[in-house]
Amino acid sequence: MLRRAAAIAGKDLRLSVGGGQGLVQAMLLGLLLIFLFSLSRPTGELVSGQAAAAIFWLASAFGLVLVFNDLFSLEEVGGCRLGLLSSPVPEHSVWLGKGLAGFLLLVLSQMVFLPAAAVFLGQDIRGSVPTLVLALIGVDWGLAALGALLGALAQGQAARESLFSVILFPLLLPVLLGGIRIFAGVFSGEPAPDEALWAAIIVAFDAVFSAAGAFLFPFLYTGEE
Amino acid sequence: MTSSASAHEMDRPPRKTSGGGEPVRTHMGDGERGDVRVEVRGVGKFFGSKLVLRGVDCAALAGEALLVVGGNGAGKTTLLKIMAGLARPSAGVVDVRVPPEACAYLGHATFQYPRLSAVANLTFWARMYGLAPSRAELEAVLERVGLARVAGEPAGTFSRGMAQRLNLARVFLIGPRLVFLDEPGTGLDPASQELLRREINGLKASGAAVVWVSHHLSADLPFAEKVLHLRDAGVAYFGPAAEFDAGGLTC
Amino acid sequence: MPNIKILSILSLAALAVGQWFIWSYAPLEETMGVVQKIFYIHMPLAWWALVSFFVVFVASIRHLMKRDAGSDILAGAAAEVGVLMSGLALVSGSIWGRAAWNVWWTWDPRLTTTLIMWFVYAGYLVLRGSGMGGERRALVCAVLGVVAFLDVPLVFYSARIWRSVHPAVLASQGGGLEPEMWRTVLVNLGAFGVLWLTLVLGRFGLGRAEERARALLLGGREGA
Amino acid sequence: MNGYVVAANAAVWIALGAYAAYLALRGQGIAKRLQQLEMLRDSKDK
């Protein structure tokens, strides 16, 4: 099951990095957002750690939508969804494969967003880097788990990006707030006292939506039009 | 392999309506009993409130091709998808007696990633079936469908005929014992059509059961042993191809 | 359906009794005065909105298991009433906040959770309205119905921790309520419950009737 | 009577009333249509 999920993720990464729309669009949109928000401050004044963190995670959420929409449209082009469903691959390893590929693509685009935040929003890492990395992985895991599940939701629909975002963003709030609070602490140097609580929420979110994803994905990913 | 046993003498597993419960295909998987590869009992299907299939009973036997014919919207593709486990029946049971590794589906869509090369496409699908074919095996199967010289080319540059040949190569790689074909011949050049029919006979000779939805009854009938004619969401005829009179059938 | 008419009359009567309790039975709150009376309709609305979302959750699970049209229609009906009631809870909540503390929005965890749920289930209704095929739409909505409800506790706790940074001023009205006030709250909770039931059953009957009409329209052949 | 209280109550009761009326209207409409369809179907079967 893992081997096949890895095979799917590998194929998706090769297609996405090799010239896919999803990754490039995610990076460009994210950068644009970060730049635009930097205009919200009079030039001299510094952007607060929390505002910068919020902008960073907002850019990531939009990137998530574009990445996963592209990952699932890869299957629709050649009708490969029926190929996957007719093969002995269990549906939840398609979810795992897509989630893995989406996670890595998201981290890749965030490697661009972080320096952009430093440049445009005048931030630098004053807090502990391991906290930043751990929080990034934890939050991205939740984003990928839910993104992979709901990515299959709006396939084959007109305006599927907007339908997907309208439904996905509110659900992501708990884990986004966690990411924002911990990143704000790292950017500003004084970590918030309740970071442990936020870590607990992020882990809980990851657990709930990993289980929900694996269990509910087969209902979404079917051969029915 | 003449099939003496007709569908009725099969010992009947308990009738299990798969209307409710998990969307999982009912797999016997414990090897062949007689030579039925897939049996359909009382299958019905609703799209919202539109009745598409009702009370369909049929079976596909090893070494035989079951030709599924009927007018447009008679539910042919829907039945095929239900038999292949791609869609859930609203009622009835699909009893597949072959493990998923031995089932292959070949439809309108060519199951290809345009930016991957022919070999890369085949390797990916092989891995989905848990196979790890050597370079030689891949080239052999591409040679068989006449695509050896474009093995490295991205599949997106292929014509419809070449794409369907790559699809056929995928089916050979799997070595299935149960094959579902959804109008494979549409849009093919004559040479590819000829190859397709020759290979369908090859599959039958290798003991595979073929369930074949077709639009060209006159051309495909000679290659089929059994015919299932669907009309008004029900079964108008299910039996040997020889006795099927195609009179009045407009497709 | 005759019992809808009975239920409607019953809910009107119950609401009237509720109003009597609010305006003449419940004593005036000393600090906020008459403004506090908004609470008696705000809290029941928020409560029954949450119950609606729970009904959507249960109906969605049932649809995933049984694939029957009834639970899908019920989920749709409950979601619609839930979005309406949570919307009204937000409106009344913010008007009350404005009147009592001169701030349109307080980061009270319950209010924030209601807002997020309003967004999620409004998205659910948008999805339900999209042109997807009947069977797939029902399945997709069922999955979202389950996922959305799983998110409620997470949203609530994250809103509560988030709030601790801005000490919200909203007094969670539970505490210092006098007995008469409590009785008024309970009566109104019951009254709004009858109204909620009427609206959900009415909308459910409507959905059933529309499904039946579509079946008749499509050539009237009854299924196996 | 405080303006805010009036505003809140007005908003709530008007919205609930409008929704109930909307349901009632749609209910009548669909009931009529069902009757027509059933008559149509019965006439077809005779």
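Every chain is numbered from 1, with letters handed out A, B, ... down the list of sequences.
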Less than 4.5 Å apart, any side-chain heavy atom of C:Asp151 and any of A:Phe209?
yes
Checked A:Leu171, A:Ile167, A:Val166 vs chain C; the most non-hydrogen pairs under 4.5 Å come from A:Leu171
Would you say the side chain of A:Leu220 lies within less than 4.5 Å of the side chain of C:Val140, judging by non-hydrogen atoms?
yes
What is the distance from atom CG of C:Leu127 to atom CZ of A:Phe164, rounded to the nearest 0.5 Å?
12.0 Å
Report which part of C:Val146 has an atom under 4.5 Å of a heavy atom belonging to chain A: side chain, backbone, both, or neither.
side chain
Value rounded to 0.5 Å, distance of CD1 in C:Ile161 from CD1 in A:Ile201
3.5 Å
Answer whether the closest heavy-atom distance between the side chains of C:Leu154 and A:Val175 falls below 4.5 Å.
no
Counting only heavy atoms not in C:Phe156, do more than 12 fall under 6.0 Å of its CZ?
yes
Going through the distances and angles, do C:Val147 and A:Leu146 end up as a side chain to side chain contact (heavy atoms under 4.5 Å, CB included)?
CA-CA 9 Å; C:Val147 165; A:Leu146 204 50; 3.9 Å; yes
A:Ile180 versus C:Trp162: any side-chain heavy-atom pair under 4.5 Å?
yes
Flag if over 12 foreign heavy atoms under 6.0 Å of CH2, C:Trp48
yes
Compare every heavy atom of A:Pro170 with every heavy atom of C:Val120, then report the nearest pair and how far apart it is.
CG2-CB, 3.4 Å
With a 4.5 angstrom heavy-atom cut-off, which part of C:Leu144 approaches chain A: side chain, backbone, both or neither?
side chain
Using non-hydrogen atoms and a 4.5 Å limit, figure out which bit of A:Leu168 sits close to chain C: side chain, backbone, both or neither.
neither
What I'd like to find out is whether the side chain of A:Trp198 reaches to under 4.5 Å of the side chain of C:Ser158, using heavy atoms alone.
yes
With rounding to the nearest 0.5 Å, note down the distance linking CG in A:Asp194 to CZ in C:Arg160.
12.5 Å
Based on non-hydrogen pairs under 4.5 Å, which of A:Leu216, A:Leu177, A:Leu173 is most in contact with chain C?
A:Leu177
Under 4.5 Å heavy-atom distance to chain C, tell me which part of A:Ala152 shows up: side chain, backbone, both or neither.
backbone
